[in-house]
Amino acid sequence: MWMITRQNQSCVSEFILLGFYSDPMTNSILFIVFLLIYLCSVMGNGLIIMLICLDTHLHTPMYFFLCILAMLDMGYVTTTMPQMLVHLLAHSQTISFAGCWIQMYVFSALATTECTLFVVMAYDRYVAICHPLRYTVILNWRLCIWLTAGSCVCDFLSALLHTFFTMNLPYCGPNKVNHYFCEGPAVRRLASMDTHFIEMVDQILNVLMGLAPISLIVASYVHIAKAILKIKSTQGRYKAFSTCASHLTVVSFFYGPGTYIYMRPNSSYSPERDKQISLFYNVFTALLNPVVYSLRNKDIKKAFVKVIEHSKVDCGTRI
């Protein structure tokens, strides 16, 4: 029934993603750069997932949530990057209406789930520092699974509603999306109707949905800061703060550009600038997250060394 309605309303069967540049030489250089970034992102996050799964010492709530974050980052960057790489070399830069629908939905679902996961990770640090003796009791495995599953279900449903309303608008041309993937605001500007009211409502919802997790994260770190200041030992303070530094860094990388894209006034819309900023929180965040956590985390380094040593022993035994 919905497909019949959409076909009656919309003449567009595919969109054209304009991407970044039309110069073949520039596109070839960008292809190599983005391919390396994509491969490093997938391998980096894949390595973190593998280390956490293999090392039993990392089977704790903190690393469980880090493993989920790495999975989200891999899916997040894979939703947009492969198609962008193809479009950099191909003559055709089209994407079907259904493909745009799916890409927008998956991207929105993974992005909002990651937002919620950062709140859960902040709560994990709050319990670890403010209630260290009750850490395993409060954050038991049942609660960890429920928090993760609940975040996924709620955020995937909210993304479905957001995508449905955006893609159910009438699109009768033009069909050129000034972006490198089907992002909601860029696609919605092609609708053959006045979307001012829809954009205003969407912006209000984005602000509410963005401020809620940010407020919870700030509240968690206010309590964490109070607990750290009560620690008499300087070394103890440094150790407690270092466990939060990685989380604060990746939260800043993610929320900074994302807040600008989805919470800024419509009057400040700039297609070229928005593409560059969304490239940062979509592509570079997935690359930087494993770097931040691996370089600052002794447990991850130990797990990596342990895996290398085991692989050397296995190779020696086979020889």
Side-chain angles (χ1 to χ4, degrees), residues 45-76 109-159 209 212-231 233 235-251 254-255 289-290 292-294 296-304 306-307:
N45 286 289
L47 179 63
I48 285 183
I49 295 170
M50 182 189 72
L51 293 176
I52 292 174
C53 291
L54 292 178
D55 195 332
T56 55
H57 292 95
L58 301 181
H59 292 178
T60 62
M62 173 183 169
Y63 292 107
F64 171 74
F65 296 133
L66 178 57
C67 184
I68 300 299
L69 177 64
M71 291 180 183
L72 289 173
D73 280 337
M74 287 180 67
Y76 195 61
L110 294 176
T112 51
T113 303
E114 192 158 325
C115 286
T116 308
L117 183 66
F118 282 134
V119 177
V120 174
M121 294 175 76
Y123 176 68
D124 167 75
R125 292 300 81 206
Y126 161 75
V127 176
I129 293 174
C130 297
H131 305 283
L133 300 179
R134 301 178 58 203
Y135 178 67
T136 55
V137 177
I138 297 174
L139 269 177
N140 55 68
W141 283 112
R142 184 179 179 182
L143 179 60
C144 291
I145 293 172
W146 271 107
L147 287 172
T148 305
S151 300
C152 290
V153 171
C154 293
D155 292 326
F156 271 68
L157 286 175
S158 66
M209 292 178 65
I214 291 174
S215 300
L216 291 173
I217 292 172
V218 170
S220 298
Y221 275 101
V222 167
H223 289 287
I224 289 171
K226 290 179 179 179
I228 290 176
L229 291 175
K230 291 180 181 179
I231 300 174
S233 168
Q235 186 178 359
R237 288 183 182 180
Y238 175 78
K239 185 176 180 181
F241 177 76
S242 64
T243 62
C244 304
S246 298
H247 178 253
L248 284 172
T249 303
V250 297
V251 165
F254 185 83
Y255 273 102
N289 284 358
V292 170
Y293 275 105
S294 60
R296 296 184 59 86
N297 195 296
K298 294 180 181 179
D299 294 331
I300 294 289
K301 292 178 183 177
K302 289 180 182 178
F304 180 73
K306 194 181 298 184
V307 169

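Values below: all heavy atoms of this structure, side chains included; hydrogens, waters and symmetry mates excluded.
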Do [X] and [Y] come within less than 4.5 Å of each other through their side chains, counting heavy atoms only?
| X | Y | answer |
| --- | --- | --- |
| Y135 | D124 | yes |
| F64 | T148 | yes |
| M71 | N45 | no |
| C154 | T116 | no |
| R125 | M62 | yes |
| R134 | V127 | no |
| L117 | S151 | no |
| I48 | C67 | no |

W141, CH2 atom: more than 12 neighbouring heavy atoms under 6.0 Å:
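Yes.
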Please confirm whether the backbone N or O of V137 pairs with a side-chain atom of N140, one donor and one acceptor, at under 3.5 Å?
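Such a contact is found between N140 side chain and V137 backbone.
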Output yes when a side-chain donor or acceptor of H223 lies under 3.5 Å from a complementary backbone atom of C130, and no otherwise.
no
Do you know the tightest heavy-atom contact between [X] and [Y]?
| X | Y | answer |
| --- | --- | --- |
| T112 | A109 | OG1-O, 3.1 Å |
| A111 | Y76 | CB-CE1, 3.5 Å |
| T113 | D155 | CA-OD2, 3.2 Å |
| A122 | I224 | O-CD1, 4.3 Å |
| L110 | G75 | CD1-C, 3.4 Å |

Quick one about D55 and Y63 (side-chain donor to acceptor, distance below 3.5 Å, no hydrogens or angles considered), yes or no?
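The answer is no; no qualifying pair exists.
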Rounded to the nearest 0.5 Å, how far does [atom2] of [Y] lie from [atom1] of [X]?
| X | Y | atom1 | atom2 | answer |
| --- | --- | --- | --- | --- |
| C115 | L216 | SG | CG | 12.0 Å |
| K302 | H57 | NZ | NE2 | 9.0 Å |
| Y255 | L248 | OH | CG | 12.5 Å |
| M121 | S220 | CE | OG | 12.5 Å |
| I68 | L72 | CD1 | CG | 7.0 Å |
| I300 | L51 | CD1 | CG | 6.0 Å |

Stepwise side-chain contact (heavy atoms from CB on, under 4.5 Å) test for E114 and N289
CA-CA 12 Å; E114 192 158 325; N289 284 358; 4.1 Å; yes
What residue among I138, L139, L66 forms side-chain contact (heavy atoms from CB on, under 4.5 Å) with P61?
L139
Assess whether ring-ring contact (aromatic ring centres under 6.0 Å, His included) is satisfied between F65 and H247, documenting all intermediate values.
CA-CA 11 Å; F65 296 133; H247 178 253; over 10 Å; no
